Amino acid sequence: MNAPQLLVLPGSLRQGSYAHALARHAAARATQLGFGAATVFDLRALQLPIYDGDLEAEQGVPAAVQQLQDAIQAHQALLIVTPEYNSYPPPLLFNSLDWLSRLSENRTAMKPTALMSSSPGQYGGLRALNQLRLFVQGNFQMLVQPQQFALGRADQAFDAQGQLQDARAEKAVDGVLQALAALTNQLAR
Ligand SMILES: Cc1cc2nc3c(=O)[nH]c(=O)nc-3n(C[C@H](O)[C@H](O)[C@H](O)COP(=O)(O)O)c2cc1C
């Protein structure tokens, strides 16, 4: 198999989001660590309405959901980077994935997946990370690897160029990506 391609999904709507900064950093590192390419997919751009059963009954699943499905199918591995809102992943992630679950075919089953989180708090969104693991494993059958990373003090973590400033954080991100590349290659054999 050619080197696998990685799809990175940051879960924030915010301009200046730390989850987006971590996602961009991870995508740049991924191509040095066993991935042939890495795409950061902007869930904001889909402009999905809040899931509403009446809307679905009247208009069906929004066409933009298919873009997410197609992107997942076109990449061999997934990295989801979540912020933390009140101990949980934010509405953007749940809403996008809830809509995705309304498509008839599940393209996420057994997809090698890694999770990261970021927060200005000291735990880096670890609680949201663990909730996200349950959500995507249980409902989407993603194959979520044990290696994960929560970036604490995310508001101080990046320099003006968007580079992580802490060598330990850099190493942790690299470790997660290397494990994901290895898992993806192993499954492709
Ligand atoms: C509604 C709300 C709830 C939040 N709850 C938490 C929380 O439980 N833990 C935490 O570490 N940060 C919490 N935060 C702070 C976020 O981590 C912070 O706003 C962060 O910048 C959001 O991620 P982003 O930078 O990727 O947009 C919360 C923020 C908001 C707006």
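Because the structure is predicted, anything quoted here is derived from the model rather than measured. In listed order, ligands and their atoms are each counted from 1. Excluded from the calculations below are hydrogen atoms, water molecules and symmetry mates; all remaining heavy atoms, backbone and side chain alike, are included.
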### Message
Would you say Asp174 and Gln178 are linked by a side-chain donor-acceptor pair, where the criterion is simply a distance under 3.5 Å?
### Response
no
### Query
Do we see a donor-acceptor contact under 3.5 Å between the side chains of Glu84 and Tyr123?
no
### Message
A quick test of your reading: do over 12 heavy atoms of other residues, nucleotides or ligands sit less than 6.0 Å from CD of Gln165?
### Response
yes
#### Entry: Gln156 atom CD, neighbour heavy-atom count above 12 within 6.0 Å
yes
### Message
Could you tell me if the side chain of Met116 sits less than 4.5 Å from the side chain of Leu151, heavy atoms only?
### Response
no
How far is [atom] from its nearest protein heavy atom, and which residue and atom name does that atom have?
{"atom": "atom 26 (O) of ligand 1", "value": "Ser17 OG, 2.7 Å"}
{"atom": "atom 22 (C) of ligand 1", "value": "Pro83 CB, 4.0 Å"}
{"atom": "atom 6 (C) of ligand 1", "value": "Glu84 O, 3.0 Å"}
{"atom": "atom 19 (O) of ligand 1", "value": "Tyr85 CE1, 4.8 Å"}
{"atom": "atom 27 (O) of ligand 1", "value": "Ser12 OG, 2.7 Å"}
{"atom": "atom 20 (C) of ligand 1", "value": "Pro120 CD, 3.9 Å"}

### Query
Who gets closest to atom 1 (C) of ligand 1 by heavy atom: Asn86, Asp155, Leu13, Leu92?
Asn86
#### Entry: ligand 1 N/O within reach of Ser119 N/O, cut-off under 3.5 Å
yes
### Query
Does the ring of Phe41 carry Arg44 above it, NZ/CZ under 6.0 angstrom from centre and within 45° of its axis?
no
#### Entry: Whether Gly125 lies under 4.0 Å from ligand 1, heavy atom
no
### Message
In this structure, does ligand 1 have an atom that sits under 4.0 Å from one of the heavy atoms of His20?
### Response
no
### Message
Under a 4.0 Å threshold between the charged nitrogen and the carboxylate oxygen, would Arg107 count as salt-bridged to Glu105?
### Response
yes
### Query
Which atoms from ligand 1 have a heavy atom of Ala19 less than 4.0 Å away?
26 (O)
### Query
Going by the order shown, which atoms of ligand 1 are within less than 4.0 Å of some heavy atom of Arg127?
7 (C), 8 (O), 9 (N)
### Query
Is atom 9 (N) of ligand 1 in close reach of the protein, with a heavy atom under 4.0 Å away?
yes
### Task
Give the intermediate values and the outcome of ring pair (Phe, Tyr, Trp, His ring centres under 6.0 Å) for residues Phe135 and Phe140.
CA-CA 8 Å; Phe135 183 66; Phe140 295 86; 5.6 Å; yes
### Task
Determine whether Leu79 and Val144 fall in the same hydrophobic cluster, where Ile, Leu, Val, Met, Phe, Trp and Tyr are linked whenever their side-chain heavy atoms lie under 4.5 Å apart.
no
